[in-house]
Number of protein chains: 2
Amino acid sequence: MSNLKVLPLLEPEAPEAVVPCCPPLTERPFTAEEAERTARMFKALGDPVRLRLFSAVASHAGGEACVCDISDVGVSQPTVSHHLKKLREAGLLTSERRGTWVYYRVEPSVVAALGKMLGNLG
Amino acid sequence: MSNLKVLPLLEPEAPEAVVPCCPPLTERPFTAEEAERTARMFKALGDPVRLRLFSAVASHAGGEACVCDISDVGVSQPTVSHHLKKLREAGLLTSERRGTWVYYRVEPSVVAALGKMLGNLG
DNA sequence: CTTGAGGTTCGACATATGTCTATGTTGACA
DNA sequence: TGTCAACATAGACATATGTCGAACCTCAAG
């Protein structure tokens, strides 16, 4: 009974159709469903530690960073892991294991959609 | 003892220097202080009901809406009031009483800053 | 001054969230 | 095979959050 396991890869969360996202905020009132999907992303960015982690990944050379590169945010390592998981589940980050390290990068399409949704207000 | 009160106007919250906001997310990792300030706004938009209220104000004719115009979001009226207060405290909305009604409008500078912060990622 | 409508505040409550320590899992290397 | 380093998961706990009904405040109109 050695390898019954079926590839317990990272991100088994299934980002639940997160991509199309949202109309501009000024176009019309959001429906309940649109608000539910969109709020999930804002909520993910609504924690200071997560925002620092996200910014650290987004600004890191090469567009990606391993956890060890960005873990210096003042909380324990399991807490960092927990927040990165939340960002993944919100569809804002993706992760990939290479050797000992796990690399995170931002999901560009989703973030661009968020920006567009807010940008038309200025 | 009739009018000892000193103008109990709306918004006694003092938006605590919310305006300058934030560098682009890709420029460099956020400091703890930047993250704290910015996360407050994202957090405010991270609830479905609040996002619907915000979108309703942002998309309303004339750039403003009274509470009665946007209260149909499936929660009680006190809850609507509570969420609008959160959006005010986050610096995203301003309010003004005119006669019987209270009108809300979006704070354009803050929202534009948020959009810019996200936009450079696409 | 009384009444009623539009909004806010209060107090209570259940649930969600952020954090930790302890423990697992995975891969590299001896 | 054993060990170590990098991350993830599990469980526990205190606090924050969203929600409601009830009570309060403001204004306008009798």
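Residue numbering restarts at 1 for every chain, and letters A, B, ... go by the order of the sequence lines.
Taking the side chain as every heavy atom from C-beta outward, Leu118(A) and Phe42(A) approach each other to under 4.5 Å.
When the nucleotides dG7(C), dC20(C), dG27(C) are ranked by their closest atom to the side chain of Arg97(A), dG27(C) comes out on top. Distance from the side chain of Gln77(A) is smallest for dC7(D) among the nucleotides dA22(D), dC7(D), dT19(D). Side-chain atoms of Val49(B) lie closest to dT19(D) of the nucleotides dA5(D), dT8(C), dT19(D). Counting only heavy atoms from C-beta on, His83(B) has its side chain closest to dG18(D) among dA16(D), dA8(D), dG18(D). Distance from the side chain of Cys66(B) is smallest for dG7(C) among the nucleotides dG7(C), dA8(D), dT8(C). Of the listed nucleotides (dC27(D), dA16(C), dA8(D)), dA16(C) has the atom at the smallest distance from the side chain of Lys43(A). Considering only the side chain of Val75(B), dC20(D) comes nearest among dA6(D), dG18(C), dC20(D).
In this structure, the NZ atom of Lys86(A) is 13 Å from the P atom of dT9(D), given to the nearest Å.
Residue Arg98(A) is out of contact with every strand shown, counting any heavy-atom pair closer than 4.0 Å. If you check every strand for non-hydrogen atoms under 4.0 Å, His82(A) touches a base.
Annotation: of the two residues near DNA chain C, Arg50(A) and Val80(B), the 5′-most nearest-nucleotide partner is Val80(B).
Between Ser81(A) and the phosphate of dC7(D), there is no side-chain N or O to OP1/OP2 separation shorter than 4.0 Å. One finds no side-chain N or O of Thr100(B) lying less than 4.0 angstrom from the OP1 or OP2 phosphate oxygen of dA28(D).
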